[in-house]
Amino acid sequence: MDEKKVLLGMSGGVDSSVSAVLLKESGYDVIGTTLELFAGSSCCNIDTYLDAKSVCNSIGIPHFTYDYKNEFKKYVIDDFINCYSNCKTPNPCIECNRFMKFGIMYEKAKELGCNYIATGHYAKTEYSEKYGRWVLKKSKAGKKDQSYVLWNIPKELIEHVIFPLSDFELKDEIRTIAKEKNLKIANKPDSEDICFIPDGNYKKFLEINSTVSPKKGNIVDNNGNILGIHTGLYNYTIGQRKGLGISHPTPLFVLGFNKEKNEVIVGEECELYKDEILVTDINLLLFDKIEEPVEVEVKTRYSAKQAKAKIIQEDKYIKVKFYEPQRAITPGQSAVFYIGDIVLGGGKII
């Protein structure tokens, strides 16, 4: 295995393209790859392949595509559908990172004799003398940091992962490099949508690709009083206020769901706050097990601010006790634990 050989996942965008440039200039033997995951998605279409291949040709590295559409459906799309079918809100990027980019792609890297895989994520890996192991850390990108969506990668993989963009603070810096290298994708806009739902209409996607359908039911309060009619549980999210069609003396928000009774449960805003949650499907990166309560900062969704908490591991669960109640915590989303800039691990909110 070549110690300097790296397989780079390429989406045809600016971040992964500049990552290719930086890796090559750092002396790595780079192979670019684009995974075919879902026909017509924003990161998996003919333009994606052509843009990635064009960049590789321009800087003199090989590029290959591999068809993993069946695996993507199994690990990402089916999970997405299953979550919404069970009144949970998924984050498909996390499943894609776990199973595709840092699972299947790493297996392909080993087949090709690569010691490393790389992506254009804004995150960082380094060896920590304090913890005596390789750790996943935040990048310098501030709000664009993507360590949150990487908590579920195998911890033994961290020392084999390179994030070339880890020390960049601004996207403009990345685009400047792309322009200096005459990469035709320098001004290509970022994709913000779920890759397999490029029009952003997840409700339509569910209706077409699953048995989820707009089955009407009651909107109730915590006492079971009927306040209105909903158009299908998947059409609502925890914390939602608009679109309920309810006339009430005080503003009402979605608090949760009763799948068995096909009910949307609503209440006042104060009822949205929780000071304790449980998470499951745990993946610890910093420790093998949490033996004693640990003080951490927690993110409960990608865009959320970190909140101070204490975590306690109880068999297959971690109990999170927040120092201050948190608003609209949503089952299916991930709770990610940080000690400083280091990702301790995370789990799925239940």
Side-chain angles (χ1 to χ4, degrees), residues 80 82-92 94 143 148 192 194 200-204 206-207 212-281 295-312 314 317-338 346-350:
F80 182 84
N82 182 60
C83 282
Y84 272 109
S85 298
N86 289 283
C87 303
K88 297 179 180 179
T89 304
N91 187 325
I94 289 173
K143 289 183 178 180
Y148 174 87
E192 302 291 342
I194 296 171
N201 191 342
Y202 78 90
K203 298 169 186 177
K204 178 181 174 183
L206 289 168
E207 289 166 4
V212 173
S213 60
K215 182 182 177 183
K216 292 183 179 181
N218 291 326
I219 299 176
V220 302
D221 62 19
N222 270 323
N223 294 318
N225 297 311
I226 299 173
L227 303 177
I229 301 296
H230 69 74
T231 58
L233 300 180
Y234 65 101
N235 287 317
Y236 302 83
T237 57
I238 290 179
Q240 178 178 334
R241 176 184 173 185
K242 294 181 179 179
L244 299 180
I246 298 173
S247 178
H248 197 267
T250 57
L252 296 177
F253 300 79
V254 175
L255 303 179
F257 308 93
N258 185 324
K259 182 187 175 185
E260 287 71 28
K261 293 184 178 180
N262 189 32
E263 293 176 338
V264 173
I265 304 167
V266 298
E268 296 184 18
E269 186 170 19
C270 61
E271 298 177 83
L272 280 173
Y273 286 83
K274 292 183 178 180
D275 58 10
E276 185 173 304
I277 59 171
L278 283 178
V279 301
T280 187
D281 297 329
E295 289 194 355
V296 296
E297 291 196 329
V298 185
K299 286 187 73 168
T300 53
R301 62 175 64 222
Y302 180 69
S303 59
K305 291 182 179 179
Q306 291 182 191
K308 291 184 178 180
K310 186 173 288 186
I311 57 174
I312 304 160
E314 300 176 346
Y317 302 95
I318 285 179
K319 182 180 290 185
V320 182
K321 295 185 175 183
F322 294 102
Y323 291 172
E324 295 182 3
Q326 300 298 302
R327 186 183 188 278
I329 294 177
T330 305
Q333 289 286 292
S334 294
V336 181
F337 315 129
Y338 292 86
K348 301 286 183 65
I349 300 167
I350 58 175

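Sequence positions, counted from 1, serve as the residue numbers for this chain.
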Open item on the list: Within a 6.0 Å radius of atom OH on Tyr302, are there more than 12 heavy atoms belonging to other residues, nucleotides or ligands?
Closed with: yes
- [ ] Would you give the length of the straight line joining atom CD of Glu295 to atom NZ of Lys310, rounded to the nearest 0.5 angstrom?
- [x] 5.5 Å
Open item on the list: Within this structure, what is the CG-CG distance for the pair Leu244 and Asn235, rounded to the nearest 0.5 Å?
Closed with: 11.5 Å
- [ ] Spell out, as yes or no, whether a donor-acceptor pair under 3.5 Å connects the side chain of Asn223 to the backbone of Asn225.
- [x] no
- [ ] List the steps, then state whether side chain to side chain contact (heavy atoms under 4.5 Å, CB included) holds for Val254 with Val264.
- [x] CA-CA 7 Å; Val254 175; Val264 173; 4.1 Å; yes
Task: Distance (rounded to the nearest 0.5 Å) between Leu278 CG and Ile318 CD1 - done: 10.0 Å
- [ ] Please check if the side chain of Gln240 supplies one atom and the backbone of Lys242 the other of a donor-acceptor pair under 3.5 Å.
- [x] yes
TODO: For Val296 and Tyr338, run side chain to side chain contact (heavy atoms under 4.5 Å, CB included): C-alpha distance rounded to whole Å, both residues' side-chain angles, the deciding distance at 0.1 Å, then the answer.
DONE: CA-CA 6 Å; Val296 296; Tyr338 292 86; 6.0 Å; no
Task: Matching residue for Phe257 among Ile265, Asn262, Leu233 - test: side-chain contact (heavy atoms from CB on, under 4.5 Å) - done: Leu233
TODO: Quick one: pull up CG in Asp221 and CG in Leu255 and give me the separation to the nearest 0.5 Å.
DONE: 9.5 Å
Open item on the list: Any salt bridge linking Lys319 with Glu314? Criterion: basic side-chain nitrogen under 4.0 Å from a carboxylate oxygen.
Closed with: yes
Task: Whether over 12 other heavy atoms sit under 6.0 Å from Glu324 CD - done: no
Task: Pro214 side chain reached by Glu207 side chain, heavy atoms, under 4.5 Å - done: yes
- [ ] Determine yes or no for a side-chain-to-main-chain donor-acceptor pair under 3.5 angstrom, with Thr330 supplying the side chain and Ala328 the backbone.
- [x] yes
Task: Face-on cation placement of Arg327 at Phe253 ring, 6.0 Å and 45° thresholds - done: yes
- [ ] Step through it carefully: locate the ring centre of Tyr202, locate the ring centre of Tyr234, and say whether they are under 6.0 Å apart.
- [x] no
- [ ] First locate atom CD of Gln333, then atom CD1 of Ile277, and finally report the distance between them rounded to the nearest 0.5 Å.
- [x] 11.0 Å
TODO: Find out whether Lys274 and Gln326 are in side-chain contact, i.e. whether some heavy atom of one side chain is under 4.5 Å from a heavy atom of the other.
DONE: no
Open item on the list: Rounded to the nearest 0.5 Å, what separates atom CG in Asp275 from atom CD1 in Ile329?
Closed with: 9.0 Å
TODO: Indicate the atoms forming the closest heavy-atom contact of Tyr236 with Gly243, along with that distance.
DONE: CE2-O, 4.2 Å
